[in-house]
K.L.:
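The structure's right below; bear with me while I get my questions together.
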Amino acid sequence: MREYLLTLCITAAVTYLLTGPVRKFAIVAGAMPEIRARDVHREPTPRLGGIAMFFGLCAGLLVADHLTNLSQVFEASNEPRALLSGAAVIWLIGVLDDKFEIDALIKLGGQMIAAGVMVVQGLTILWLPIPGVGSVALSQGQGTLLTVALVVITINAVNFVDGLDGLAAGMVCIAAAAFFLYAYRIWYSYGVEAAAPATLFSAILMGMCLGFLPHNMHPARIFMGDSGSMLIGLVLAAGAISVTGQVDPDALNLYVGSEKEAVHQTVPVYIPLLLPLTIIAVPAADLILAIVRRTWRGQSPFAADRGHLHHRLLEIGHSHSRAVLIMYFWSALIAFGALAYSVNSASMWIVLGVVFLSAIGLLLLLLPRFTPRAPRWMERFVPPRYRRHVSVPALAPEASTPAAAAAVSAVSGVSGVSGVNGATAIGPRSRLADRRKAGTR
């Protein structure tokens with residue numbers, strides 16, 4: 001465990017320290033696209049954050065190769081080299097897209113090539129566990145198709161959810177943490193050495209996300225871009241493929257007793273395939289709703305709009321940071337709920353806990369719809385937005401100046417900032433004409 005934590009910390013440190021210079025490079029290189037109508041940010045922000053994340057990945061693999069226990073992963077398996085090769089391909093495509101905005105079909109082809117590079121080097125799905133049947137071996141063609149499909153779906157899911165500051169990095173970090181606990185349990189508790197590469201990949205992925213998040217939280221100073229979102233999506237998929245393709249379910253001694261017991265006991269085997277899909281759960285729901293919404297309006301399903309889930313969270317009154325935290329909550333609930341179910345699938349307390357936390361999540365979603373009102377005797381001690389009645393004295397003609405208006409605002413407790421629950425960052429503009437000359441500051 002200590003070597004995994006050391007690898008995680010070094011990966012996070014390298015990513016964090018390189019993000020600042022990468023930001024300056026992105027500004028000089030002109031990787032600052034114009035603001036689109038559907039974008040949430042209002043200032044041009046540089047991309048290419050994936051450069052720092054890629055070098056963090058390289059640093060993590062390099063350090064792990066020189067550690068006593070983790071170096072055996074590189075000696076016994078070719079999967080770390082396969083991951084680095086596929087990551088390099090997808091990273092180069094992402095960098096080109098961040099700078100030149102290449103066509104979507106070219107990006108899709110690049111994703112398939114990156115997945116194919118990993119398959120050629122042995123990082124592929126070899127069998128699938130089926131309840132009541134056991135492990136079903138896949139042919140080379142079937143394993144390749146399933147591996148490529150899982151990689152492409154995971155990459156695009158992460159890319160699709162990258163709509164708010166810190167959202168994609170945080171959600172992937174949560175999924176990687178849950179996956180790390182699962183893979184470490186398989187490796188440590190069951191003694192399956194084939195699960196060590198997946199454990200290493202998850203630790204490095206957490207380090208990449210944690211190192212980049214301080215620069216990417218709202219207000220973001222740099223975006224990861226496609227070079228980062230596609231990269232962390234590929235690493236997440238590689239961990240799932242490593243466990244599913246190399247860990248023999250028979251080594252876990254799960255198929256004992258009746259067929260019903262075997263079905264229950266094989267739940268942990270499905271978790272490596274399900275955990276990467278937990279990050280797809282929220283984006284997939286958003287994707288389906290977007291297709292239905294656009295088709296209902298007579299638009300193309302691929303037409304961009306501001307109707308995504310994170311946009312709706314902002315519209316109903318959530319602040320940017322609160323909307324991101326709510327998405328974190330749902331991702332953690334799904335990922336760690338699946339992890340807890342894999343540990344003890346027969347426990348009713350786990351189901352009840354997930355239901356209870358889901359109710360809390362729904363309450364948080366609807367929170368801006370309800371404005372709490374303080375009792376009258378407490379109105380003097382709470383912000384104005386929680387008071388029942390606020391009297392605003394009318395401005396006299398001679399007091400209709402900005403200074404007088406500010407004085408009245410201070411007395412009445414009503415500020416010029418408007419919005420849902422008063423939580424907006426930009427208030428109304430001054431009605432006075434700008435007397436500055438053109439070209440002056």
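Numbers here simply count residues along the sequence, with the first being 1.
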K.L.:
Apply ring pair (Phe, Tyr, Trp, His ring centres under 6.0 Å) to Tyr16 and list each qualifying residue two or more places apart in sequence or on a separate chain.
P.N.:
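By the ring pair (Phe, Tyr, Trp, His ring centres under 6.0 Å) rule, Tyr16 matches His215.
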K.L.:
Would you name the heavy atoms of Leu83 and Ala238 that are closest together and state the gap between them?
P.N.:
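Reported closest heavy-atom pair: CD1-CB, 3.7 Å.
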K.L.:
When you measure from the side chain of Asp97 to the backbone of Ile102, do you find a donor-acceptor pair of N or O atoms at a distance under 3.5 Å?
P.N.:
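Yes, Asp97 side chain to Ile102 backbone: donor-acceptor pair under 3.5 Å.
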K.L.:
Quick one: CE on Met224 to OG1 on Thr15, what's the gap to the nearest 0.5 Å?
P.N.:
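If we round to the nearest 0.5 Å, Met224:CE and Thr15:OG1 are 11.0 Å apart.
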K.L.:
Using distance alone, with no hydrogens and no angle criterion, decide if Asp162 and Ser229 have a side-chain donor and acceptor under 3.5 Å apart.
P.N.:
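No, no side-chain donor-acceptor pair sits under 3.5 Å.
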K.L.:
Write down the atom of Ala177, the atom of Phe336, and the distance for their closest heavy-atom approach.
P.N.:
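Of all heavy-atom pairs spanning Ala177 and Phe336, the closest is CB-CZ, 4.2 Å.
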K.L.:
For residues Leu48 and Val22, report the shortest heavy-atom separation together with the two atoms involved.
P.N.:
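Shortest heavy-atom contact: O-CG1, 3.1 Å.
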K.L.:
Within the 4.5 Å heavy-atom criterion, are Met118 and Val151 side-chain neighbours or not?
P.N.:
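In contact.
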K.L.:
Kindly write out the residues that satisfy ring pair (Phe, Tyr, Trp, His ring centres under 6.0 Å) with Phe54, not counting sequence neighbours, or none if the list is empty.
P.N.:
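Listed in chain order: Trp91.
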K.L.:
Does any pair with a residue in residues 104-121 pass side chain to side chain donor-acceptor pair (under 3.5 Å), and if so which ones, sequence neighbours excluded?
P.N.:
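The answer is Ser85-Gln121, Lys107-Asp226, Gln111-Asn156.
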K.L.:
Once salt bridge (charged side-chain N to carboxylate O under 4.0 Å, His left out) is applied, do any residues pair with Lys99, and if so which ones, sequence neighbours excluded?
P.N.:
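Per chain and number, Lys99 pairs via salt bridge (charged side-chain N to carboxylate O under 4.0 Å, His left out) with no residue.
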K.L.:
Quick one: pull up CD1 in Ile232 and CD1 in Ile155 and give me the separation to the nearest 0.5 Å.
P.N.:
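That separation rounds to 10.5 Å.
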K.L.:
Rounded to the nearest 0.5 Å, what's the gap from OG on Ser331 to OH on Tyr328? Could you check?
P.N.:
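OH of Tyr328 is found 9.0 Å from OG of Ser331.
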K.L.:
Using a 6.0 Å cut-off, check whether atom CZ of Arg221 has over 12 heavy atoms from anything other than its own residue.
P.N.:
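No, CZ of Arg221 has 12 or fewer neighbouring heavy atoms, counting only those of other groups under 6.0 Å.
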K.L.:
Using modelled atom types only, decide if a donor and an acceptor are shared between the side chain of Ser77 and the backbone of Val73 within a distance under 3.5 Å.
P.N.:
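Looks like no, no N/O pair under 3.5 Å.
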K.L.:
Do you know which two heavy atoms are closest between Ala195 and Ala183, and how far apart they sit?
P.N.:
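It is CB-O, 3.9 Å.
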K.L.:
Do you know which of Met206, Met208, Glu3 makes side chain to side chain contact (heavy atoms under 4.5 Å, CB included) with Leu8?
P.N.:
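Answer after filtering Met206, Met208, Glu3: Met206.
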K.L.:
Side-chain contact, heavy-atom cut-off 4.5 Å: Tyr182 with Ser202?
P.N.:
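Counting from C-beta outward, Tyr182 and Ser202 never come under 4.5 Å.
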K.L.:
Closest heavy-atom contact between Phe223 and Phe212?
P.N.:
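Of all heavy-atom pairs spanning Phe223 and Phe212, the closest is C-CZ, 3.7 Å.
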K.L.:
Just to verify, what does Thr7 make a side-chain hydrogen bond (donor to acceptor under 3.5 Å, both in side chains) with, not counting sequence neighbours?
P.N.:
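Applying side-chain hydrogen bond (donor to acceptor under 3.5 Å, both in side chains) to Thr7 gives none.
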K.L.:
Are Leu357 and Phe329 close enough, and set up right, to give a side-chain contact (heavy atoms from CB on, under 4.5 Å), and what steps lead you there?
P.N.:
CA-CA 9 Å; Leu357 293 176; Phe329 173 84; 4.2 Å; yes
K.L.:
I'd like to check the side-chain hydrogen bond (donor to acceptor under 3.5 Å, both in side chains) partners of Thr199; sequence neighbours left out, ordered by chain and number.
P.N.:
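For Thr199, no residue satisfies side-chain hydrogen bond (donor to acceptor under 3.5 Å, both in side chains) once neighbours in sequence are set aside.
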K.L.:
Is there a side-chain contact (heavy atoms from CB on, under 4.5 Å) between Tyr4 and Phe180? Walk through the geometry before answering.
P.N.:
CA-CA 10 Å; Tyr4 286 119; Phe180 173 81; 4.1 Å; yes
K.L.:
Is the closest side-chain heavy-atom distance between Met171 and Leu167 below 4.5 Å?
P.N.:
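In short, these two side chains touch, coming nearer than 4.5 Å.
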K.L.:
Quick one: are Val152 and Met112 in side-chain contact, heavy atoms under 4.5 Å?
P.N.:
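Contact flag for Val152/Met112 side chains = yes.
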K.L.:
To the closest 0.5 Å, what do you measure between CD1 (Ile90) and CG (Leu92)?
P.N.:
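Taking CD1 in Ile90 and CG in Leu92, the distance rounds to 9.5 Å.
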K.L.:
For the CG atom of Leu61 and the CG atom of Leu200, what is their distance to the nearest 0.5 Å?
P.N.:
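One finds 6.0 Å between CG of Leu61 and CG of Leu200.
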K.L.:
Would you say Thr154's side chain and Ala237's backbone share a donor-acceptor pair under 3.5 angstrom?
P.N.:
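Between the backbone of Ala237 and the side chain of Thr154 there is no qualifying donor-acceptor contact (under 3.5 Å).
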K.L.:
Determine whether a donor-acceptor pair (N or O, by modelled atom type, separation under 3.5 Å) exists between the side chain of Thr147 and the backbone of Gly143.
P.N.:
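Yes: the side chain of Thr147 pairs with the backbone of Gly143.
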K.L.:
Answer whether the closest heavy-atom distance between the side chains of Met230 and Ile93 falls below 4.5 Å.
P.N.:
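Contact flag for Met230/Ile93 side chains = yes.
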K.L.:
For a quick test of reading the model, state the closest non-hydrogen atom pair linking Leu150 to Ala240 and the distance between them.
P.N.:
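Taking Leu150 first and Ala240 second, the nearest heavy atoms are CD2-CB, 4.3 Å.
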K.L.:
Taking it one step at a time, do Leu126 and Leu138 satisfy side-chain contact (heavy atoms from CB on, under 4.5 Å)?
P.N.:
CA-CA 6 Å; Leu126 302 178; Leu138 301 178; over 6 Å; no
K.L.:
Mind checking the OG1-CG spacing from Thr124 to Leu145? Nearest 0.5 Å is all I need.
P.N.:
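So the gap between those two atoms works out to 9.5 Å.
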K.L.:
Is any side-chain heavy atom of Arg23 closer than 4.5 Å to a side-chain heavy atom of Ile27?
P.N.:
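Side chain of Arg23 against side chain of Ile27, heavy atoms only: contact under 4.5 Å found.
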K.L.:
May I ask you to decide if Gly166's main-chain N or O and Asn216's side chain share a donor-acceptor pair within less than 3.5 Å?
P.N.:
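Side chain of Asn216 to backbone of Gly166: a pair is present.
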